Each structure stands twice: as structure tokens, then as C-alpha cells.
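A short worksheet on the structure shown next.
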Amino acid sequence: MIEEKIMMIIVLLMALFINVTCRNVTLSNVIPRRDTDGYIMDAHDGNVFLYDGLYYYYGASYGLCKEPPGPSGCTVWHVGGCGFQLNHNVSLYTSTDLSVWTFRGYVFQMTSMKTPGIMFGPRVLPNPKTRKWVMWFNFLPATGTGVSQSQCAVAVSDTPQGPFQLVTEKVTTLAWENTGDLNLFQDTNGDAYIIYNAHIDSSIYKPDHLMSVEKLSDDYLCSLGREFNSGFFGQTFVEGGAMFKRNGVYYAVFGQCCCYCSEGASATVYSSLSPLGPFDTMNNLGNEGHAQLYNILQYKIFGVEDYGYIWQGNKWQSSPDGAKGHDFTYWTPLVFNPNGSVKYMNYTANFTINI
């Protein structure tokens, strides 16, 4: 009788522990994401990284400039146009559950650059060897001649909260020139890679906007060049690349170019047993969410030694008040078939995860 009571107490305590530590979180795509102060989150083109139980969300802040009317925000494609201003910042938000986000401030501000320019797509990784936090972003000098001067810049910080200090405004070690969208991927052994499109100036290159993967140096501050590059693969005229690893398989995901467009773009999945390929085409994920991919978020599933994956995309021209910084982001969970392929993504207004 005493043993039965003890067992019942243990079961109740375990249930209480699970209830306290586990949380089913519902994420919405129809309600603006707000921080704990009630402000709409201004974080786009960035990445989310789990570190010591906390999710760090770095994203480009576009501010309150008014988007041009119509289906494309690129009708104001000039320095100073909305989405092409010189005062973009890198915002940092943190969360324990991907639902409640706290704004930590601007960890990097473009006004600190010696060379004025436009910043897109900041991505941040912690380096376990140097114990530094490293940021890469796409940089377009204001004095340049359009996208022909597009390049990659790198900044570094001692802490995830910044401030990040510029290391270089132009990485010269990349295998390919005239770079655009980029993303970073950290393997389980600490090695890091950049997936990026290059040859983006169609007046110079045919075909243009080509994707490849390249290994970074041990300090993540530069790349290792063509010897450690996958070579161009997949479709042409693509952007918005992202990488992740699942069950020993490396996945690369990217879609067709669509400059600040409301329609969004479909994305295609490629896979390989090596981070540098060769990559095989798996399948197309569709464009039901009418968004442009900017990241694949990896989150820890409660109670198991496994991770879930969330597709993140920008819904340009969707701001409820016309401010570019208030454009929606569209998130949807990736679901996998038994063979490891990713299922077609149907539209989801909201979804629930166990985190």
C-alpha cells in the first residue's frame, strides 16, 4: 500500500514537471509578431540560433519608411528608396519558446560604417573555437553602380548581444564575385559554411544569380575559396538560400528571385551526404504562403533528442500600416517523408509545436 502511494506521488511529480517544463506553442501567420513591449517585430532576412536554452533572432530592421504601392517594393530601387536606405540596423530579439520575444536592441548599426551603404540579410553564428559571435551580411556601397558592387561584409562581437564591430566590408576570399543573398550553416563538429548566390548582375553574367556552398575559415571571418566550394548547383536566377542537417543528410533550400515582391517565390530542396555536395534535387515545396525564404529555423523538441525545422519567409508588401519594417514573416513547419524528402508545404494560418 505504501509502495503504491509512493509510485502515485512519483507519477504526479513527473506530470507536474512535464507540465511546467513543456509548452505547446501556437505560432500565427495572420497576427503580427510583437515583442514583449507590444511593438511589431522589425526583423527580416535574418536567422535564429539556439544557444544555452535561448533563441537569438537576428534580423534586418527596415524602419518605418512607407512601401511603394503595388505588388513590388523594388519600384524604388535606388539609394534612399524604402528598403534601400542607409540607416538599416540589425535587430536582436530573444525568446525561450519562439513565441514570446524580447527586443534586446540594435546589435549593429549601418551608421557606424565608414563607407555608407545598404545592408541586407544579416546572419550570425557563435564560434566555439574563438568564443566570438560572427556576423555576415550583404553590403551594397552607396557609391557603387547598382548591384555590380554587391559584396559580403563581416562583423564580430564578444557577446551575442553585441555590439558587433566591423572586420571587413568586403570579403575577398570567396570563390565567386558579385555576391548577393547569403546564409550561414554550422555543422555539428563546429565547422561553418556559407550558402550564397553570386554573379547577380545580369548585365555582366549569363546566366545570373547562381547558388553555391563554401566552407568558412576556423575563425569564420573569411571563406576558404574555390577549393572548398561546391560549385554552382540547382536552378539559376535564385536567391534566399538556407541550409540545415537532419539524420546525417545536408539540405540546401532556395527559390526563384522576386525582388521585394508580394507574390513570394517557390523553393526547391536539394540534398547531399556532404556539406559541399554534390547536391541532388529532391522536390519543390511550392509557394502557398506567398513568401520569400530567408531561413530554416532549427528548434529543440521537448522530451526527445531531436529537432524540428521551421521554414521562414518574408511576406513583402504585407504591412498593415504600410511601414516596411512591419511586413509579415511567414513561418511553417517542415514535415518529412520516410525517405527524408520534405513534404509539399500547404498554407498554414497557425501551427502548434512542442518546445
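None of the values given here were measured: they were computed from a predicted structure.
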Aromatic ring pairing Tyr93/Tyr57, orientation class (parallel under 30°, perpendicular over 60°, tilted between): tilted
Check: Asn178/Ser150 side-chain N/O donor and acceptor closer than 3.5 Å: no
Pairs meeting criterion side chain to side chain donor-acceptor pair (under 3.5 Å) with involvement of residues 269-278, two or more places apart: none
Side-chain donor-acceptor pair present, Ser223, Thr173, cut-off under 3.5 Å: yes
Joint cluster assignment, Met282 & Tyr309, ILVMFWY side-chain distance < 4.5 Å: yes
Ring-ring centroid check Tyr294 Phe120, cutoff 6.0 Å: no
Any donor-acceptor N or O pair under 3.5 Å, side chains Thr352, Thr26: yes
Flag, side chain of Trp101 to backbone of Arg33, donor-acceptor distance under 3.5 Å: no
Option passing ring pair (Phe, Tyr, Trp, His ring centres under 6.0 Å) with Phe254 (candidates Phe233, Phe237, Trp311): Phe233
Exam field: side chain Asp181 to backbone Gly240, donor-acceptor pair closer than 3.5 Å: yes
Distance SG-SG for Cys65, Cys82 less than 2.5 Å: yes
Aromatic ring proximity, centroids under 6.0 angstrom, Tyr62 and His88: yes
Pairwise side-chain contact, Gln161 with Trp133, heavy-atom cut-off 4.5 Å (strictly under): no
Distance-only polar pair, side chains of Tyr196 and Glu214, donor-acceptor under 3.5 Å: yes
Lys315/Asp327 ion pair, N-O < 4.0 Å: no
Neighbour count above 12 (heavy atom, 6.0 Å) for Gln85 CD: yes
Test: Asp219 and Lys129 ion pair at under 4.0 Å: no
Asn283 side chain to Val342 backbone, donor-acceptor under 3.5 Å: yes
Axial cation check for Tyr58 ring with Arg123, 6.0 Å and 45° limits: no
Sub-6.0 Å ring centroid separation between Tyr260 and Phe84: yes
Residue pair Trp77 / Thr75, side-chain donor-acceptor N/O under 3.5 Å: no
Evaluation steps, side-chain hydrogen bond (donor to acceptor under 3.5 Å, both in side chains), between Asp321 and Ser319: CA-CA 5 Å; Asp321 60 2; Ser319 170; 2.7 Å; yes
Connected via hydrophobic side-chain network under 4.5 Å: Leu297 and Val25: yes
Joint cluster assignment, Ile301 & Leu98, ILVMFWY side-chain distance < 4.5 Å: yes
Distance-only side-chain donor-acceptor flag, Ser61 / Asn89, under 3.5 Å: no
Near-ring test Phe137/Phe108, centroid separation under 6.0 angstrom: yes
Student check: side-chain heavy atoms of Leu285 and Ser266 closer than 4.5 Å: no
Full working for side-chain contact (heavy atoms from CB on, under 4.5 Å) between Leu125 and Phe49: CA-CA 7 Å; Leu125 286 180; Phe49 194 89; 3.6 Å; yes
Pair Glu169, Gln151: side-chain N/O donor-acceptor within cut-off below 3.5 Å: no
Shared hydrophobic cluster, Phe328 / Met41 (ILVMFWY, side-chain heavy atoms < 4.5 Å): no
side-chain contact (heavy atoms from CB on, under 4.5 Å) between Cys152 and Leu182, intermediate numbers included: CA-CA 8 Å; Cys152 289; Leu182 66 96; 3.7 Å; yes
